[in-house]
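Worksheet: the structure to be examined is printed underneath.
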Amino acid sequence: MFSSEVCNQGTILISGGFGGLGLTMSRWMIEQRGVKHIALMSRRTLVQLEQPSNPQYDDWLRLKRTTKEYNAHVDVVQADVTNFQQVYDLIERFQKTSYPIRGIIHSAVVSEDRTLNNLTQEHLSLVLPPKVRGAWYLHQATQLLHAPIHFFTMFSSIRNHLLEVASAGYNAGNQFLDALAHYRSAKLDLPALSISLPAVSGAGMFHRHKEMLSTLKVTQGFELMPTITVFEIIECFHQ
């Protein structure tokens, strides 16, 4: 996953890059795997990221210190992953540099829990695009531009496999990621991984929904998994 080409001669693009997982994984990749170039893609701006009121402000400050210490470069890029032209233009811009996109981590998400009988078109139009359109547009753009992708990782969720029905739209988006990973690997022989993330310590969906996590701890014995362990597991799947 982290070959010399990826670490020293390419850029890893993270959609939803301002989230806790994106920022924490960036720091880990720089410190532990020697990655030198990362692009954090988000609809939000750098100004918003650097606001002390931002929940990920401390994670961002830690990442900035890490990039300086390890002589790495993190490019903050404002782009909407649900807009194909913006995704295409972003990847094309990197293709024209000395550090083209060589790895994709798709972590963009909007979460708003609803049961099946409460789903509306408005709700699905909010929840599905970041995961579904985002993944498909990243797939299409990298194909059209012949980007030298070494890995294409998408963050699904273990919630798809739980006996709870309060997140139908969110789960539908995750199912698409699983299907896209199968399509890329089985039909197109392209790198792809959709990983059902567990409850991750300090980041991710369960971290933002602490009441749900407390319930799952009682009913299903859930425990938090350290972020570093999650990243190492992802790496193992790519070997």
Side-chain angles (χ1 to χ4, degrees), residues 12-26 39-44 55-56 77-88 90-91 101 103-116 118-143 147 149 151-162 164-188 190-200 203-209 212 230-231 234 237:
I12 295 174
L13 175 64
I14 305 178
S15 69
F18 287 8
L21 272 175
L23 296 172
T24 305
M25 190 168 190
S26 295
L40 300 177
M41 175 186 183
S42 176
R43 287 180 294 184
R44 290 182 289 168
Q56 276 73 51
V77 289
Q78 185 181 14
D80 185 353
V81 76
T82 69
N83 183 305
F84 174 75
Q85 195 59 53
Q86 291 185 28
V87 173
Y88 184 94
L90 173 62
I91 295 175
I101 303 296
I104 298 282
I105 298 173
H106 180 46
S107 66
V109 61
V110 169
S111 175
E112 184 183 322
D113 288 344
R114 288 196 183 184
T115 56
L116 275 171
N118 288 320
L119 286 182
T120 63
Q121 185 62 47
E122 181 182 7
H123 170 75
L124 291 176
S125 297
L126 173 70
V127 173
L128 289 181
K131 279 187 175 287
V132 175
R133 284 187 191 169
W136 184 247
Y137 289 165
L138 287 167
H139 161 72
Q140 284 188 312
T142 52
Q143 285 291 95
I149 298 298
F151 62 87
F152 192 104
T153 301
M154 297 171 284
F155 286 167
S156 181
S157 174
I158 199 171
R159 288 175 67 178
N160 280 36
H161 310 287
L162 300 178
E164 52 104 5
V165 294
S167 51
Y170 174 74
N171 288 352
N174 288 325
Q175 291 286 3
F176 178 85
L177 300 186
D178 297 345
L180 178 58
H182 175 76
Y183 173 69
R184 280 180 58 91
S185 59
K187 302 296 184 182
L188 302 180
L190 294 171
L193 173 67
S194 176
I195 185 162
S196 296
L197 288 176
V200 183
M205 192 59 60
F206 287 102
H207 178 66
R208 296 192 292 271
H209 293 77
M212 178 192 302
V230 174
F231 303 153
I234 293 172
F237 276 112

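- Here CG of L177 is found 10.5 Å from CG of L193. Values are rounded to the nearest 0.5 Å.
- For S26, the side chain to side chain donor-acceptor pair (under 3.5 Å) test picks out no residue, with sequence neighbours left out.
- In this structure, the side chains of V230 and L21 stay at 4.5 Å or more apart for every pair of heavy atoms.
- In this structure, W136 and Y183 have tilted ring planes: the angle between them lies in the 30° to 60° band.
- In this structure, OG1 in T82 is found 12.0 Å from CG in L128, a value given to the nearest 0.5 Å.
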Which is it for L190 and S185 under the side chain to side chain contact (heavy atoms under 4.5 Å, CB included) test, yes or no, and what are the steps along the way?
CA-CA 5 Å; L190 294 171; S185 59; over 6 Å; no
Using the rule given for side chain to side chain contact (heavy atoms under 4.5 Å, CB included), can you reason through S156 versus S196, listing the C-alpha separation, both sets of side-chain angles and the distance that settles it, and then say yes or no?
CA-CA 5 Å; S156 181; S196 296; 4.1 Å; yes
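- Across every non-hydrogen atom of Q56 and G19, the tightest pair is CG-C, 3.8 Å.
- Residues meeting the side chain to side chain donor-acceptor pair (under 3.5 Å) test with Q85, sequence neighbours left out: D89.
- Taking every heavy atom of both residues into account, A79 and L90 meet most closely at CB-CD2, 4.4 Å.
- Between I91 and A147, the shortest heavy-atom distance links the atoms CG2-CB, 4.5 Å.
- The side-chain heavy atoms of V77 and L40, taken from C-beta on, include no pair separated by under 4.5 Å.
- The 12-atom threshold is not exceeded at CZ of R43, counting heavy atoms of other residues, nucleotides or ligands nearer than 6.0 Å.
- Of the listed residues (T153, N174, D178), just one forms a side chain to side chain donor-acceptor pair (under 3.5 Å) with S194, and that residue is D178.
- Counting heavy atoms from C-beta outward, I105 and S15 have side chains that stay 4.5 Å or more apart.
- The CD1 atom of I14 lies 8.0 Å from the CG atom of L23; values are rounded to the nearest 0.5 Å.
- Atoms CE and NZ, on M154 and K131 in that order, are 10.0 Å from each other to the nearest 0.5 Å.
- Under a 3.5 Å cut-off, the side chain of T142 and the backbone N or O of H139 do form a donor-acceptor pair.
- The side-chain heavy atoms of L13 and M41, taken from C-beta on, include a pair separated by under 4.5 Å.
- Using a distance-only test at 3.5 Å, with no hydrogens or angles considered, a donor-acceptor pair links the side chain of H106 to the main chain of A135.
- Under the side chain to side chain donor-acceptor pair (under 3.5 Å) criterion, R133 pairs with no residue at all, not counting sequence neighbours.
- Closest of all the heavy-atom pairs between F152 and P191 is CB-O, 3.3 Å.
- For S107 against F155, the heavy-atom pair with the smallest separation is CB-CD1, 3.4 Å.
- Looking at every heavy atom in both residues, D80 comes nearest to V87 through O-CG2, 3.8 Å.
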